[in-house]
Visitor: 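Encoded as structure tokens, here's the structure I'll be asking about.
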2 protein chains.
Amino acid sequence: MIIQNMHRVLYQSPAVTTDVAIFTIVGEQLKVLLVRRSDRPFRNTWALPGGFLHKNETTNLAAVRILSEKAGVKNVFVEQLYTFDAIGRDPRGRIMSVVYFTLVPHQDIKFKKGDKTQTPLFWSLKKLPKLAFDHKNIVTYARKRLASKLEYTNVVFSLLPKKFTFSQLQKAYEIILDRKLDKRNFRKKFLLLGLIKLTRGLLSGTRQRPARLYEFISRKPEELKKFF
Amino acid sequence: MIIQNMHRVLYQSPAVTTDVAIFTIVGEQLKVLLVRRSDRPFRNTWALPGGFLHKNETTNLAAVRILSEKAGVKNVFVEQLYTFDAIGRDPRGRIMSVVYFTLVPHQDIKFKKGDKTQTPLFWSLKKLPKLAFDHKNIVTYARKRLASKLEYTNVVFSLLPKKFTFSQLQKAYEIILDRKLDKRNFRKKFLLLGLIKLTRGLLSGTRQRPARLYEFISRKPEELKKFF
DNA sequence: CCAAAAGTGTTGACTGTACACCCATGT
DNA sequence: ACATGGGTGTACAGTCAACACTTTTGG
């Protein structure tokens, strides 16, 4: 400990924070969770949820904690995105941020009550407010990574409920990749991956023909051979 | 500054170091640069070059500095790999490392003289010595990233001299991807990318038919549509 | 003249893409 | 009965992978 602090003094180690980009799909839009800052700097400005590390906490665990505190979601994978440490990114001095990102099904989100000072809210990526610090950059970067991640992994499962229709699956891809996909080709290709299976259920209650419900065989992150 | 230090005390911010995985190809092998540690902990054990940040230095600049100090190479791109901050990765206490990686043509490397305490040496990835800290993991991770990077970027240019033969290019791919490639298919595919052009030179001095020399049209990192 | 790497095309298999109609339900 | 999204197959084009022989030089 003494040695560690010696280094801090000698080498001016920056302070370390963790921020988390929490994505979800609501309606037909990709959204990211933002909180309104209650403290200076950037008081009342929207920002990614985040903060300084707790004692003996890794950045990964901090990200999991923040996700739980702000969105009420547990047992979800977070992935390290990038470490941002440009000089001047935080007016308080040398503060770096190890940023994580994650995908959450909209239904699973439960905002805590009574957290009056920091109101979390999902914002569409197409209409973001002014963001604190360099968070605009961070969101843009996370957005890109998310899209490319979709192309060679099965992460889409973490955006969908346990059971889902093929249309929902396809919509998720279309929203994130930001382009239309062909229905028949999409079904063929995705079924061939062998990641999902039919369930006995149907989605009724819509005004149309009921859709068949599928589920992922495994809900663990995996790399795929290839995809889009 | 006062606020920054307040946070450090309150939140136990870890100390920050930067390590760099410097890859090159020598002969027919992929190698990574290691230094023998002159200080505790892990004194006399091999490790990736790295260290604490200097005053007002970003991790990126630290990586560039380390690359220059240890390998005598300037004007090279370094890319952030990952931030490692597991508890217990450094016996001195809470020390995280923001790791960068880079590719350097073997010819460009100039070791500084008189740096007696820390002897840099390229080690084949197939025969690594015991490594300090979690550097074994780091090297493995960097190795993977390098291979996948090769498949969708033009980074291979940073492993080759300005002018090079098609065989050298292909060897670089074969060594990093760790598999044989078909000569005719490789030439076709790579030429189609339009990244390189013929020069007037030939590589003579070998015992065989002289090979034509190519060069990259641009030596900036770019993303490709697709590749392997 | 021999050894060694350089250089060069074609074919068949596979993969990706474009495209249009009938079906089952709720209102 | 009709409006709405659910569900299905085929054909053509483009890409990928396999494969063998001739050329040029130095020794």
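Letters go in sequence order (proteins before strands), and every chain restarts at 1. Everything quoted here is computed from the prediction, not taken from an experiment.
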Visitor: In whole angstrom, what separates B:F186's CZ from C:dG7's P?
Guide: 13 Å

Visitor: With a 4.0 Å cut-off, would you call A:R65 and A:E57 a salt bridge?
Guide: yes

Visitor: From D:dG5, C:dA3, C:dG7, pick the nucleotide closest to the side chain of B:R207?
Guide: C:dA3

Visitor: Taking for each residue the nucleotide of DNA chain D bearing the nearest heavy atom, is the 5' side occupied by A:N185 or by A:A211?
Guide: A:A211

Visitor: How is A:R187 classified with respect to the nucleic acid when contacts are heavy atoms under 4.0 Å: base, sugar-phosphate, or nothing?
Guide: base

Visitor: Is the phosphate of C:dA6, meaning OP1 or OP2, less than 4.0 Å from a side-chain N or O of B:S167?
Guide: yes

Visitor: Assert yes or no for the condition that the ring centre distance of B:F133 to B:F84 is strictly below 6.0 Å.
Guide: no

Visitor: Please determine, for the side chain of B:K188, which listed nucleotide (C:dG7, D:dG6, C:dG9) has the closest atom?
Guide: C:dG9

Visitor: Roughly, in whole Å, what's the span from NZ in A:K183 to P in C:dC22?
Guide: 14 Å

Visitor: Take atom CG of B:L169 and atom P of C:dA5, then tell me their distance rounded to the nearest Å.
Guide: 18 Å

Visitor: On the side chain of A:K189, is there an atom forming a donor-acceptor pair with the base of C:dT17 - under 3.5 Å, no angle test?
Guide: no

Visitor: Mark yes or no for a side-chain to base donor-acceptor pair under 3.5 Å between B:R184 and C:dA6, with no hydrogen or angle criteria applied.
Guide: no

Visitor: Just the rounded figure in Å: distance from C1' of D:dT8 to CD of A:Q170.
Guide: 14 Å

Visitor: Between C:dG7, D:dA17, D:dG7, which one does the side chain of A:R212 approach most closely?
Guide: D:dG7

Visitor: D:dG6 C1' sits how many Å from A:D182 CG, rounded?
Guide: 14 Å

Visitor: Hey, what's the ring geometry for B:H106 with B:F122, parallel, tilted or perpendicular (30° and 60° as the breaks)?
Guide: perpendicular

Visitor: Does A:R187 make a cation-pi contact with A:F166, if we ask for NZ or CZ under 6.0 Å from the ring centre and within 45° of the axis?
Guide: yes

Visitor: Which nucleotide, C:dT8, D:dG7, D:dG5, lies nearest any side-chain atom of A:Q208?
Guide: D:dG5

Visitor: Can you measure from CZ (A:R209) to CG (A:L203) and round to the nearest 0.5 angstrom?
Guide: 13.0 Å

Visitor: May I ask you to say what A:T206 touches in the nucleic acid, namely base, sugar-phosphate or nothing, with a heavy-atom cut-off under 4.0 Å?
Guide: sugar-phosphate

Visitor: Which residue, A:I138, A:L146, A:L128, forms the side chain to side chain contact (heavy atoms under 4.5 Å, CB included) with A:V32?
Guide: A:L128

Visitor: Would you say that more than 12 heavy atoms from the other residues, nucleotides or ligands in this model lie under 6.0 Å from the CG of A:N44, or not?
Guide: yes

Visitor: CG of B:L192 versus C1' of C:dG9: gap in Å, rounded?
Guide: 14 Å

Visitor: Please report the distance, rounded to the nearest Å, between CG in A:L181 and P in D:dG6.
Guide: 14 Å

Visitor: How sharply is the helix from C:dC1-D:dG27 to C:dT27-D:dA1 bent, taking the axes over five pairs at either end and rounding to 10 degrees?
Guide: 0°

Visitor: Counting side-chain heavy atoms from CB outward, which of C:dA5, D:dT24, C:dG7 is closest to B:P210?
Guide: D:dT24

Visitor: Check the angle between the aromatic planes of B:F216 and B:F164 and answer parallel, tilted or perpendicular using the 30° and 60° thresholds.
Guide: tilted

Visitor: Whole angstroms only, please: what is the CZ-C1' distance between B:R209 and C:dA4?
Guide: 12 Å

